[in-house]
Amino acid sequence: MPCMSGVARAFSTWASETQFTFSESPNHESADLKIRFSLGDHGDGAPFNWANGVLAHACAPTDGRFQYNEDYLFFADPIVGSFRLETVALHEIGHLNLGLGHSEVQEAIMFPGIAAATTKGFE
């Protein structure tokens with residue numbers, strides 16, 4: 001799936017910047033980290049309520065769930081009104097794997113908001 005290559009690149013970026021290594025599991029059920037697109041109530045106590053500003057969220061590292069809000073458009077190379085899959089993944093993996101909180105620095109990958117079609121990374 002072309003979109004998931006952006007998620008793989010995000011994991012690769014974190015691996016190059018930390019001591020963590022990642023590998024893709026052939027079995028979603030047994031994977032330590034689970035990534036999916038969701039709508040409404042998706043079982044983590046923080047339902048997506050339409051396009052309400054929450055693009056995605058991740059649970060604590062011990063939980064391992066990361067969900068994109070399916071009410072938004074995500075692409076590897078975003079078009080007007082869509083979001084860059086890899087940039088959102090970089091942010092959520094920071095929560096998911098490293099337990100990082102939000103930053104007050106707008107340019108930081110861990111800043112809690114992002115405009116459509118914005119690219120952020122480690123530079």
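Keep in mind that the numbers below use all heavy atoms, side chains included, and drop hydrogens, waters and symmetry copies.
With hydrophobic clusters built from ILVMFWY side chains whose heavy atoms lie under 4.5 angstrom apart, Val54 does not share a cluster with Phe37.
Heavy atoms only, all atoms of each residue included: Ala10 and Ile93 are closest at CB-CD1, 3.8 Å.
Scored by the ring pair (Phe, Tyr, Trp, His ring centres under 6.0 Å) test, Phe22 finds Phe11 as partners (sequence neighbours excluded). Take Ser16 and apply the side-chain contact (heavy atoms from CB on, under 4.5 Å) test, not counting sequence neighbours, and it matches no residue. Residues that satisfy the ring pair (Phe, Tyr, Trp, His ring centres under 6.0 Å) test with Phe48, not counting sequence neighbours, are His42, His57. With sequence neighbours excluded, the residues satisfying side-chain contact (heavy atoms from CB on, under 4.5 Å) with Leu98 are Trp14, Thr18, Phe20, Leu100.
With rounding to the nearest 0.5 Å, the separation of CG in Leu85 from CG in Leu55 is 11.0 Å. Separating the CG atom in Leu33 from the CD atom in Glu24 is a distance of 11.5 Å, to the nearest 0.5 Å. Distance check: Leu96 CG to Asp63 CG gives 8.5 Å after rounding to the nearest 0.5 Å. In this structure, CG in Leu90 is found 10.0 Å from CD in Glu17, a value given to the nearest 0.5 Å.
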Item to complete: For side chain to side chain contact (heavy atoms under 4.5 Å, CB included), just list the numbers for Tyr68 and Val7, CA-CA rounded to whole Å, side-chain angles, deciding distance to a tenth of an Å, and then say yes or no.
Response: CA-CA 11 Å; Tyr68 285 94; Val7 174; 3.5 Å; yes
Item to complete: Give the intermediate values and the outcome of side chain to side chain contact (heavy atoms under 4.5 Å, CB included) for residues Asp44 and Gln67.
Response: CA-CA 10 Å; Asp44 66 0; Gln67 283 135 141; 3.1 Å; yes
Worksheet entry | Pair Thr119-Thr87, side chain to side chain contact (heavy atoms under 4.5 Å, CB included): steps then yes or no | CA-CA 6 Å; Thr119 297; Thr87 299; 4.2 Å; yes
Item to complete: Could you walk me through whether Lys120 and Phe111 pass the side chain to side chain contact (heavy atoms under 4.5 Å, CB included) test, one step at a time?
Response: CA-CA 10 Å; Lys120 285 186 179 182; Phe111 187 74; 3.8 Å; yes
Can you give the donor-acceptor pairs under 3.5 Å from side chains of residues 101-109 to other protein atoms, not counting sequence neighbours?
unit_1: His102; atom_1: NE2; unit_2: His91; atom_2: NE2; d: 3.3
unit_1: His102; atom_1: NE2; unit_2: His95; atom_2: NE2; d: 3.2
unit_1: Ser103; atom_1: OG; unit_2: Val105; atom_2: N; d: 3.0

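At least one side-chain heavy atom of Val88 sits under 4.5 Å from a side-chain heavy atom of Phe74. Side-chain atoms of Thr118 and Phe83, non-hydrogen and from C-beta on, never get closer than 4.5 Å to each other.
Between the side chain of Arg36 and the backbone N or O of Arg65, no donor-acceptor pair lies under 3.5 Å.
A salt bridge (charged side-chain N to carboxylate O under 4.0 Å, His left out) check over residues 70-82, counting only residues at least two apart or in different chains, returns nothing.
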